[in-house]
Amino acid sequence: MSRPADVRDRRAEEVRPAPPSGRRPALTPRAAVVGGGIAGLAAACGLAERGVDVTVLEREESLGGRLRGWETELADGSRAAMDRGFHAFFRQYYNLRGLLRRADPGLDSLVPLADYPLVHRDGPRDRFSGLPATPPWNAAVLAATSPSFPLRDLARVNLPAALHLLDVDVPGVYERLDHVSARDLLEAVRFPPTARHLAFEVFTRSFFAAPERLSAAELAVMFHLYFLGSSEGLVFDVPRAPFPEALWEPLARYLGGLGAKVRTSAPVERVGPGADRRFSLPGHGSFDAVVLAADVPGTRSLAAASPDLGDAAWRSGLARLESAPPFLVSRYWLDRPVRPHRPAFLGTAGYPTLDNISVLERYRDAEREWAGRTGGSVVELHAYALPGGCDPERERGALWEQAVSVYPELGAAGVVDARHELREDCPLFAPGSYRARPETATPDPFLVVAGDHVRTGLPVALMERAATSGLLAANALLSRWGLPGHTLWTVPRRGRLAPARALARLTRGAGRPQPGKRPVERRR
């Protein structure tokens, strides 16, 4: 099979579907996909492309899940797009990019961000432009040229512990590291403090959790996916238009062309046994199969309201799924521009809550038009892993003050309008949680689960985990109906460097991190 356009890494792995195990039904099978986010849309495409009668049921008014978008009217009377904030579409997101290419073959809706600086409050600054793409040279050049890796501090690094980052295999890495936190692993490695903040914690917090609340295995898989296991590099793309226009409306039209039905504002309250077909979704009809592709709160709620779904032990497991701490996205339409040299995206470390700053007119057409017409700027701030029960107004004010300390010109700008999104619906990958996470399969062979909270058995994360799980869910049902599945792609499923893996095995006991005695709260 020829490689897709996005798979440039020669060591990327093809994941072929299992051969069909069941007989083709006499009647066209009917499947309900509960959730219209990335996972649900991937599952819907995978099923509809093989002739399954698919209905997508999304509770919100628009598709996209946590990447949905909507229109808002600003105080100056102009219409503007709003969503839940910046998302990076990395080049190694093979299955997500393959999903988007179904409706946008050239991925013309995406534009590249070749560099994104990372800055620490105390001064150190890193960039990723100019690095080699292939491991281990990318890591070697970063360590040699970065101010975050001073030579005198590198001598203190605990090599056996650091080798855990080169010895990633799925699921073996979870057996070795899931019981400890990302903070425990970073402390065991003894990276220089600035390197720890800039090269690790900035990425760690993309899981919406502080390092002490994130599994060390997830950190290792993440670093493998983005840096040490892939030669696709750290370059990523971003949508040039609002998410609905760039991504989801074209995909909905594609699904419609396959005969699938896409229903928004269509919440599913319960799944029960059907009469003429296996499942009944009150208000939506009967179906032969269900793909449960809701977010974590929606999954918990649906399982609790559906006593006939799966079995008691399985539903109990879903009830224990945890959501990550709250996060805040603040978007400001300003009456004057930020300085011309400000990057489109800046990652920050060492601040009480500020995690990154985006200047949207640097890459999005609608914001570029607004800025050009008004002479202003559209700036977005992110704060991940806020305290539970936090005061939204206080957090918004504190986030703005931190942003002004990074970009002082914001202090003189007038705010034309602002929008704020405080949410708490991302999955938490806490230490020791891996075995309790749901898999695609369930006790019912015609009920499958998809989402970025699902175990896939592959080194994927975030949006790519969602897309991958959706296609795996589709493949599971297709096999039972005697239909061919879809080939997936992944970065290598184990560390690229055989000598490093062998050395890691020899020193594994000496470098094993231990669980910390107490979490360290983020400086506030």
* Asked: How are the rings of Phe86 and Phe345 set relative to one another: parallel (under 30°), tilted (30 to 60°) or perpendicular (over 60°)?
  ->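 Parallel, since the angle between the ring planes stays under 30°.
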* **Phe227 and Phe223 aromatic ring geometry - parallel, tilted or perpendicular at 30°/60° bounds** =>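 Taking Phe227 first and then Phe223, their aromatic rings sit tilted (interplane angle of 30° to 60°).
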* **Least distance between heavy atoms, Ala324 atom then Phe207 atom** =>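 Where Ala324 meets Phe207 most closely, the heavy atoms are CB-O, 4.3 Å.
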* Could you tell me whether the side chain of Arg315 and the main chain of Pro307 form a donor-acceptor pair under 3.5 Å? =>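 Here the side-chain-to-backbone pair exists.
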* Under 3.5 Å: donor-acceptor pair, side chain of His453, backbone of Ser323 ->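 Checked: no pair found.
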* **Contact check, side chains of Pro4 and Tyr94, non-hydrogen atoms, under 4.5 Å** =>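 A side-chain contact under 4.5 Å is absent here.
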* State, yes or no, whether a side-chain contact exists between Pro459 and Glu13 at a heavy-atom distance under 4.5 Å. =>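 A side-chain contact is absent here, since even the closest heavy-atom pair is not under 4.5 Å.
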* **Residue pair Asp288, Asp53: steps toward the side-chain contact (heavy atoms from CB on, under 4.5 Å) verdict** => CA-CA 10 Å; Asp288 300 301; Asp53 181 359; over 6 Å; no
* Does CZ in Arg435 sit with more than 12 non-hydrogen atoms of other residues, nucleotides or ligands closer than 6.0 Å? ->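 At most 12 heavy atoms, drawn from other residues, nucleotides or ligands, come within 6.0 Å of this atom.
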* **Whether over 12 other heavy atoms sit under 6.0 Å from Arg494 CZ** =>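 No, the 6.0 Å shell around CZ holds no more than 12 heavy atoms from other groups.
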* Test the Arg455-Tyr434 pair against the cation-pi criterion, namely NZ or CZ under 6.0 angstrom from the six-membered ring centroid and within 45° of the ring axis. =>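 Ring-cation test returns yes.
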* Kindly indicate whether a cation-pi arrangement holds for Arg465 with Phe429, taking the cut-offs as under 6.0 Å to the six-membered ring centre and within 45° of the axis. =>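 Yes.
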* Asked: For the salt bridge (charged side-chain N to carboxylate O under 4.0 Å, His left out) test, which of Arg66, Arg423, Arg364 pairs with Asp83?
  ->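 Testing Asp83 for a salt bridge (charged side-chain N to carboxylate O under 4.0 Å, His left out) against Arg66, Arg423, Arg364 leaves exactly one candidate, Arg364.
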* **For Glu49, the option from Leu258, Leu255, Val54 that meets side chain to side chain contact (heavy atoms under 4.5 Å, CB included)** =>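 Result: among Leu258, Leu255, Val54, Leu258 is the only option passing the side chain to side chain contact (heavy atoms under 4.5 Å, CB included) with Glu49.
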* To do: Would you mind checking if Arg97 and Glu232 are paired as a salt bridge, meaning a charged N to carboxylate O distance below 4.0 Å?
  =>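 Salt bridge flag = no for Arg97 with Glu232.
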